[in-house]
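Read the structure below first, then the notes.
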Amino acid sequence: MREVTLYQNVGGKQMSRTFRFDKVFSSDAGQEKLYKQAIIPIVQEVMEGFNCTIFAYGQTGTGKTYTMEGGPRRSDDGKSLSAEAGVIPRSIKQIFDHIEANNTDSTVKVTFLELYNEELTDLLSFDDVKDDSKRLRLLEDRNGVVAQGLEEVVVKSATEIYQVLDRGTAKRRTAETLLNKRSSRSHSVFSITIHMREVTPEGEDVVKVGKLNLVDLAGSENISRSGAKDGRAREAGSINQSLLTLGRVITALVEHSGHVPYRDSKLTRLLRESLGGKTKTCIIATIAPTVHCQEETISTLDYAHRAKNIRNRPEVNQKISKTAMIKEMSSEMEKLRQELVAQRERNGVYVPTERYQQDELERVQLRDQVKALREEMKLEREEFEQQLEKQKVESERTIKQLEEKAAGLKTDIEYMESRLQEASRTIHERQFVIAAHRQAEEDIAEHAEALRLELEAAIRDIRELFTSMTELSGMHGGDRDAMRRTQQLTRARLESLSSSLTSAVDKQRQQLQDMSASLLAFKAQKEQDLRQLTARTDNMQTTITSMLSTVQQRAQEADSAAASVLQGASNAVATHSADAMAAAQRLDAATRSAVEALALCMDEQTQQLLSFAQEQAALAASARDSLKSNIGRLSQGFNGVRETACEGQRDVDCHTAELNNEFGGFIAQCHDELEREQTLLAAKIAEMLQAFAKDRASQVARGVEVLQRRVQQGNEVVKGRLSQIAQASTAGTQDAQASVRM
Ligand SMILES: Nc1ncnc2c1ncn2[C@@H]1O[C@H](COP(=O)(O)OP(=O)(O)OP(=O)(O)O)[C@@H](O)[C@H]1O
């Protein structure tokens, strides 16, 4: 079987994807089958002097560890391997079987390390797993990248190697109890190096070297799900870094990019030779054939499929002649001896000439690097200073603008205050006018009282007039004309009195109406003023709020820009310092001290930079704070003025309402009183006229009666006189006749 086909339901459509591999094993394929078909040829190549690497890659729980380590190692008989034994024990067995079968003179060395959080732990050392100082460092030597101080355990039999393996696994488990499920998130590399002695056809003794790396990678889903849980951010990030870099390295190798980012993670640095190098590499991709793991399965298959396209250039390791080997070992022994002597005497460390020269070369390179770093730092510092200067200028400009706006606001506030004063002056004036109106009202009331008195006096005069008229009428029965004139005169005076009273009332009403109208206009004016004041207040508040938010935003921007520049500088310095420190560790004590001095100098510069940046940040913060406090004060002042304005307005409203009430009552009262007085006056006048008319009629009737009586009396007198005259004339006639007769 060489294919994996994945069926997916995409938008209701059944789709399938097929991946081709060298070999595919179903879930029921046992450990033995996999080993026989896939691993045996690789281990054989190792025995031929090749370097080979076997990776287990896949989602957590899909069987990477099971494939590499397997279940119980021993079968029930305790001699052979169990059916569940994985790739590692089986490879060990194959190697030792081969050695024994060929009776090869050989040395087998094993190393076992774990990479967790970008930190290397030697699983075979007896150091405490919690001791951070015992973490391994990666160094590059002429054989490639090696973990400095990694314990290489020489083993003589498969049983011994199993014990070593168990020790490493136990140590890994101890670490796992410290951090739950650590194995899912760590990578482990178990390496077996075999030195095999051979005799060439020429009869030369040579040593053949083969190396097998067995790598159990962290769960691949950590790539996509990393960072999802807060507590694991850094840890997952590191796994990401290693797995992602592995992915990127694979992509770069497949696409034949110029740059392959091996140096971006410890895993890829460590396995550099296994990826696109001289090593033969096999990837075992483990998957879970369930629907809910579909996404991860596709990703794993994709990953493995891409990796399949990497073309390594396997080369058999150069065989070392026995003489060379002895020479190398002697020089190594000499080196160790010198080191031991130096250690004993504590007067330095022995360094072989070649190593010294290399170190010297590295020192020179490092010096150049440091110089370049200094230049870079200088440039960064200059750039940082320029940015700070720019920000300072910008902040100053902003502050100036804000100050200008604040000055504008102050002017506005002053203007508001003057408007307020004007309004309170107007209120006083209005109060004065109202007082004057009240005075006028009182005057009018007094005038009305005077008029009333005058009317009473006039009524009294009329009475007197009628009395005199009556007398006159008695005396002069024929003086009707005079009486009529008097009557007309009286009516005219009464009318003029009534009209003057009406005009006084009208005037008073008019004055009251004017006063009401002016009060209403005053109120409307004040309301409009208040509306304008409120609108301006709102505008000013909006402006202040927007100014505050702009200032805060600018300050935040300045802070974040400074922080990012600072962070960038710190990062650069940290990276450079870390690189410099790593390089320094490869040098001798003298070089190290020079580098340390340089590092110190860099630290100082960093400190200077940091303190400078902090100073600038503090300056920016204090400028921002003072600006904030200025604006706060202005805002407070403004609020105070607004409060005062509101209070003034409330007073105005209150006064206006009181005045309205007072005037309403007063006007109503005046109206009532006027109407009552008018009614009373009208009633009195009507009464007077009635009484006057009645009196006059009765007087006239009495006069007529008197006159009639007098006329009768006159008639009777006349009659009596006439009869007397007639009698007298009769008597005279008779006398005359008598005299005549006489
Ligand atoms: N082919 C298999 N046959 C029997 N059991 C298996 C097989 N594959 C995995 N298992 C079992 O499944 C469980 C998980 O497997 P394993 O620990 O090997 O997964 P893993 O991919 O290494 O997980 P992690 O990434 O967490 O280390 C173990 O209990 C293991 O014994």
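FYI, side chains are in, hydrogens and waters are out, and symmetry mates aren't considered; it's all heavy atoms of this structure. Read the numbers this way: they start at 1 and go in the same order the structure lists the ligands and their atoms.
For ligand 1, the polar-atom distance check against Thr62 finds a nitrogen or oxygen pair separated by under 3.5 Å. Every N/O-N/O distance between Asp216 and ligand 1 stays at or above 3.5 Å. At under 3.5 Å, not a single nitrogen or oxygen of Ala218, backbone or side chain, sits near a nitrogen or oxygen of ligand 1.
Looking at Gln59 against ligand 1, only its backbone comes within 4.0 Å, counting heavy atoms.
Using a 4.0 Å cutoff on heavy atoms, Thr286 does not count as a contact of ligand 1. Residue Gly61 places a heavy atom under 4.0 Å from ligand 1.
Scanning both residues, Glu118 and Ser265, for their nearest heavy atoms gives OE1-CA, 3.7 Å. The shortest non-hydrogen separation linking Leu267 to Ser242 is CB-OG, 3.7 Å.
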Inset, instruction - Any chance you could lay out the side-chain hydrogen bond (donor to acceptor under 3.5 Å, both in side chains) test for Ser26 and Asp28, step after step, and finish with the verdict? - result: CA-CA 5 Å; Ser26 68; Asp28 55 3; 2.3 Å; yes
Inset, instruction - Take Ile39 and Arg90 through the side-chain contact (heavy atoms from CB on, under 4.5 Å) test and state the conclusion after the steps. - result: CA-CA 9 Å; Ile39 313 296; Arg90 281 173 197 275; over 6 Å; no
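In this structure Asp264 satisfies the side-chain hydrogen bond (donor to acceptor under 3.5 Å, both in side chains) test with no other residue, sequence neighbours excluded.
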